[in-house]
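Report on the following structure.
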Amino acid sequence: MNTFDFLENKKLKSQLDFLVEIDKMKNIFRRTVIIDKSRRENDAEHSWHFAMLAMILEEYSSNKVDVTKAIKIALVHDLVEVYAGDTFAYDEKAKQDKRQRELEAADKIFGMLPPEQCAYIRALWDEFEAKETPEAKYANVCDRLQPLMHNYLTDGHTWKEGDVHAPQVLGRMDIIRETAPELWKAVEGMVKISVEQGILKP
């Protein structure tokens, strides 16, 4: 494989190496299937779709948000999965060591960048994880709404695979109730219809 070792500009080399490394997100497949149900969605596609939700649904955040920052959070929020892998949201056993795996992965992946960029991107990731700022809360809203929509439109594909029940879904979506009440109406509607149709267990 060709490398960028020929570059005298070592900062540029590290940036290009990082950009090559995160290409691996395209091969990290999530449980969620794309809406036509032909295949599983990968992490890169999820991050792009999350960023689009953040741009389109800004008006529904109950707090004023910097949508550009929320989009940046969307782009970096799953980069750690290059090394930590994707953890199914409703897999309680897998979630036990998720935090430690992802912290180690964050050190490794963000550490590829020059120190200033490393600190900046790591701070975005930490902010998302902490769910404290308006942007982080809104980003988490979009991150959770996206797979919910997919499950609703794919006959509960992932829910059925994981034996997921409606209270679990509503519990995971609770940040939407708190942060984007109008979107919460959409969540409640999708869950209600999914239960009625038998694609989500009550």
Looking at [Y], is its backbone amide N or carbonyl O close enough to the side chain of [X] to form a donor-acceptor pair, meaning the two atoms are under 3.5 Å apart?
X: N151; Y: T158; value: yes
X: K64; Y: S61; value: no
X: R40; Y: R31; value: yes
X: E135; Y: D66; value: yes
X: N140; Y: A136; value: yes

Report whether [X] and [Y] are members of the same hydrophobic cluster (ILVMFWY, side-chain heavy atoms less than 4.5 Å apart, transitive linking).
X: L153; Y: V191; value: yes
X: I35; Y: I56; value: yes
X: L170; Y: I175; value: yes
X: V67; Y: L124; value: no
X: Y152; Y: I34; value: no

Starting at [atom1] of [X], measure out to [atom2] of [Y] and round the result to the nearest 0.5 Å.
X: M55; Y: T68; atom1: CE; atom2: OG1; answer: 10.5 Å
X: F4; Y: K10; atom1: CZ; atom2: NZ; answer: 12.5 Å
X: R144; Y: L183; atom1: CZ; atom2: CG; answer: 14.0 Å
X: S47; Y: I71; atom1: OG; atom2: CD1; answer: 12.5 Å
X: L57; Y: L145; atom1: CG; atom2: CG; answer: 6.5 Å
X: D78; Y: I73; atom1: CG; atom2: CD1; answer: 12.5 Å

Taking the side chain as every heavy atom from C-beta outward, state whether [X] and [Y] have any atom pair closer than 4.5 Å.
X: M112; Y: I109; result: yes
X: I193; Y: Q197; result: yes
X: R177; Y: V187; result: no
X: V33; Y: E41; result: no
X: T133; Y: K137; result: no
X: I121; Y: L113; result: yes
X: W125; Y: V80; result: yes

What verdict does the side-chain hydrogen bond (donor to acceptor under 3.5 Å, both in side chains) test give for E92 and Q168, after you've listed the backbone C-alpha separation in whole Å, the side-chain angles of each residue and the deciding distance to 0.1 Å? CA-CA 11 Å; E92 296 305 318; Q168 292 172 276; 5.4 Å; no
Distance-minimising heavy-atom pair for [X] and [Y]:
X: R39; Y: E45; result: NH2-OE2, 2.6 Å
X: A84; Y: R101; result: O-NH1, 2.8 Å
X: L200; Y: H165; result: CD1-C, 3.9 Å
X: T32; Y: P147; result: OG1-CB, 4.0 Å
X: V164; Y: V169; result: CG1-CG2, 3.6 Å
X: L148; Y: M190; result: CD2-CE, 3.7 Å

Less than 6.0 angstrom separating the ring centers of H77 and H46, yes or no?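 So the answer is yes for these two rings.
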Angle class for the Y90/F88 ring planes (parallel below 30°, perpendicular above 60°, tilted otherwise)?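 Perpendicular.
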Would you call the rings of F50 and F128 parallel, tilted or perpendicular, taking 30° and 60° as the class edges?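 Tilted.
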Checking side chain to side chain contact (heavy atoms under 4.5 Å, CB included) for the pair Y138/N63: CA distance, chi angles, key distance, verdict? CA-CA 8 Å; Y138 176 60; N63 298 303; over 6 Å; no
Applying salt bridge (charged side-chain N to carboxylate O under 4.0 Å, His left out) to D155 and K37, what does each step give before you reach the verdict? CA-CA 9 Å; D155 302 317; K37 297 187 270 189; 2.6 Å; yes
Check [Y] with [X], please: is the shortest side-chain N to carboxylate O separation under 4.0 Å?
X: E182; Y: K185; value: yes
X: K108; Y: E104; value: no
X: K192; Y: E188; value: no

Kindly determine whether H157 and H150 satisfy ring pair (Phe, Tyr, Trp, His ring centres under 6.0 Å), including the steps that lead there. CA-CA 8 Å; H157 178 272; H150 276 244; over 10 Å; no
R99 vs L103, side chain to side chain contact (heavy atoms under 4.5 Å, CB included): CA-CA, chis, key distance, verdict: CA-CA 6 Å; R99 181 65 178 162; L103 285 170; 3.8 Å; yes
Starting from the C-alpha separation in whole Å, work towards a yes-or-no answer on side chain to side chain contact (heavy atoms under 4.5 Å, CB included) for E132 and E127. CA-CA 7 Å; E132 292 176 353; E127 182 175 346; over 6 Å; no
Enumerate donor-acceptor pairs with a distance under 3.5 Å from any side-chain N or O in residues 11-23 to protein atoms, sequence neighbours excluded.
unit_1, atom_1, unit_2, atom_2, d
K13, NZ, D17, OD2, 2.6
S14, OG, K11, O, 2.7
Q15, NE2, Q117, OE1, 2.8
E21, OE1, K24, NZ, 3.3
E21, OE2, K24, NZ, 2.9
E21, OE2, Y83, OH, 2.7
D23, OD1, K26, NZ, 2.6

Could you go through the side chain to side chain contact (heavy atoms under 4.5 Å, CB included) check for D126 and E129 one step at a time? CA-CA 5 Å; D126 287 334; E129 292 291 308; 5.5 Å; no
Cationic tip of R122 within the cone over F110's six-membered ring, i.e. under 6.0 Å and within 45° of the normal?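 No, cation not above the ring by the 6.0 Å, 45° rule.
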